[in-house]
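Working notes, beginning with the structure itself.
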There are 2 protein chains.
Amino acid sequence: MLKLTKKADYGLMALKYLAEHPETPALSAKDVADAYVIPAQLLAKILQLLTKSGLLRSHAGMNGGYALARDARQISAYEVIHAIDGPFFITSCTKGTKSCELTPSCTIKEPLARVNETIAGVLKSISIQDLAESEPPPGRAREAQALVALTL
Amino acid sequence: MLKLTKKADYGLMALKYLAEHPETPALSAKDVADAYVIPAQLLAKILQLLTKSGLLRSHAGMNGGYALARDARQISAYEVIHAIDGPFFITSCTKGTKSCELTPSCTIKEPLARVNETIAGVLKSISIQDLAESEPPPGRAREAQALVALTL
DNA sequence: CTGAACGCGGACCGAAGAAGTCGGATATTG
DNA sequence: CAATATCCGACTTCTTCGGTCCGCGTTCAG
Ligand code: SF4
Ligand code: SF4
């Protein structure tokens, strides 16, 4: 529960990899799949999804592949997850298909919706660039966490 | 993906219901299940889990049932989720059983771990009491979200 | 012009997890 | 004792996730 899918995980890895190689015109799905150990065909489909969502530019044919459509700073983790796994919500009373039938009687729906928005905000504030910078920032996450705890 | 299980959902609803009835010595699983529409047997198991984790006090026999072990303010949503669904992490490289085998080569593990901590912090800052107060707070969640966006 | 390398798209399958059910044991009260 | 609870594990069913396969369209080097 409350777990990222592996596809989104792979997608983030691939985006980060592309961000680290800005000079190459295009990298094929196989290139990225080989860099890590993830299955090539699956990674290909993920990159196709990202392309369809406008996060990547693709180029078919020989020496083809993918490249970032925008600067790494302009791509948020939220967009990646949304592109791969669709609109996300932490409760079941969404997702259009098969929503929870006790939505009217439910009393915790609105508070959880607010939690959902907070989490979405966190994800939107993370860019691919942030992932690529591997320098361990001393305590920025801890500060953010403290702020959340104080203000909510 | 990134979705709360319905069990955790039910658990939060039950806790909130108990918090709203502080004067009753004990409420049976069936009482709570009837108040909402959730299946009684399933709710019973969830309450048992919460009892085992020390969030509830149980009393068997006639007129038995469950009651909050602590004040509603002292119980966080994080504890509830943790008690019901076990230790949670947004990535797959945890859960002890069947961790992702490319953990060493993965480069986005640490950044995601920080995101995970932030989300955990948000959940820890939500108490059952917060859920029970149904008054729609104008914009506290929005403020928190803005702060996160600024600091991360 | 031809074929290799690559992106696209759908169908498909096995494994895992979630939601819910059942049955029985035990404890408490009246 | 009988009724009402909690307790606990096994089980079935359903959905989703992870992954594979195959056929097609596109590009470009030789
Ligand atoms: S309506 Fe309430 S119980 Fe149903 S999924 Fe939404 S939050 Fe959970
Ligand atoms: S190791 Fe990396 S790829 Fe594997 S689950 Fe953790 S974050 Fe995802």
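Chain A is the first sequence line, chain B the second, and so forth, proteins listed ahead of strands; every chain is numbered from 1. Just so you know, these numbers come straight off a predicted model, no measurement behind them.
A close approach under 4.0 Å does not occur between any side-chain nitrogen or oxygen of B/Ser28 and OP1 or OP2 of D/dT4. The shortest distance between the side-chain N/O atoms of B/Tyr66 and the OP1/OP2 oxygens of D/dC7 is below 4.0 Å. One finds no side-chain N or O of A/Tyr10 lying less than 4.0 angstrom from the OP1 or OP2 phosphate oxygen of D/dG18.
Atom CG in A/Leu27 sits about 14 Å away from atom C1' in C/dG7, given to the nearest Å. To the nearest angstrom, C1' of C/dA16 lies 18 Å from CE of B/Met1. Put simply, CG on A/Leu4 is 13 Å from C1' on D/dC17, counting in whole angstrom units. In this structure, NZ of B/Lys30 is placed 11 Å from P of D/dT6, rounded to the nearest angstrom. Rounded to whole angstrom, the span from the NZ atom of B/Lys7 across to the P atom of D/dC14 amounts to 17 Å. Between the CD1 atom of B/Ile84 and the C1' atom of C/dG17 there is a distance of 16 Å, given to the nearest Å. Distance B/Leu2 CG to D/dC17 C1': 15 Å, rounded to the nearest Å. The CG-C1' distance, from B/Asp34 to D/dT4, rounds to 15 Å in whole Å.
For residues 19-37 of chain B, the pairs satisfying salt bridge (Lys or Arg N to Asp or Glu O under 4.0 Å) are B/Lys16-B/Glu20, B/Lys30-B/Asp34, with sequence neighbours left out. Evaluation of the salt bridge (Lys or Arg N to Asp or Glu O under 4.0 Å) test over residues 65-79 of chain B, restricted to residues two or more places apart or in two chains, returns B/Arg70-B/Glu79. Annotation: ring-ring contact (aromatic ring centres under 6.0 Å, His included) contacts involving residues 35-57 of chain B, sequence neighbours excluded, comprise B/Tyr17-B/Tyr36.
Put simply, the side chain of A/Asp85 never gets that close to the backbone of B/Met1: no donor and acceptor are under 3.5 Å apart.
Of the candidates D/dG18, D/dT6, C/dG9, the closest approach to any side-chain atom of A/Thr5 belongs to D/dG18.
Residues passing the side-chain contact (heavy atoms from CB on, under 4.5 Å) test with A/Lys3, sequence neighbours excluded: B/Ser92. In this view, A/Ser127 and A/Gln129, A/Asp130 satisfy the side-chain contact (heavy atoms from CB on, under 4.5 Å) rule, not counting sequence neighbours. Considering only residues two or more places apart in sequence or on other chains, A/Phe88 meets the ring-ring contact (aromatic ring centres under 6.0 Å, His included) condition with A/Tyr78.
Within 4.0 Å of A/Ala29, counting heavy atoms only, lie sugar-phosphate atoms of the nucleic acid but no base atom.
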Annotated protein contacts, base or backbone, on nucleotides 25-30 of chain C with a non-hydrogen cut-off under 4.0 Å, one of B, S, - each: --BBB-

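Side-chain contact between B/Ile128 and B/Leu12 is present, with at least one heavy-atom pair separated by less than 4.5 Å.
Residues from residues 36-51 of chain B that place a heavy atom under 4.0 Å from any atom of DNA chain C, listed by number: B/Pro39, B/Gln41, B/Leu42, B/Lys45.
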Cut-off 3.5 Å, no hydrogens considered: what does the side-chain donor-acceptor table look like for residues 38-57 of chain B, sequence neighbours left out?
unit_1  : atom_1 : unit_2  : atom_2 : d
B/Thr51 : OG1    : B/Leu47 : O      : 2.8
B/Ser53 : OG     : B/Leu49 : O      : 3.1

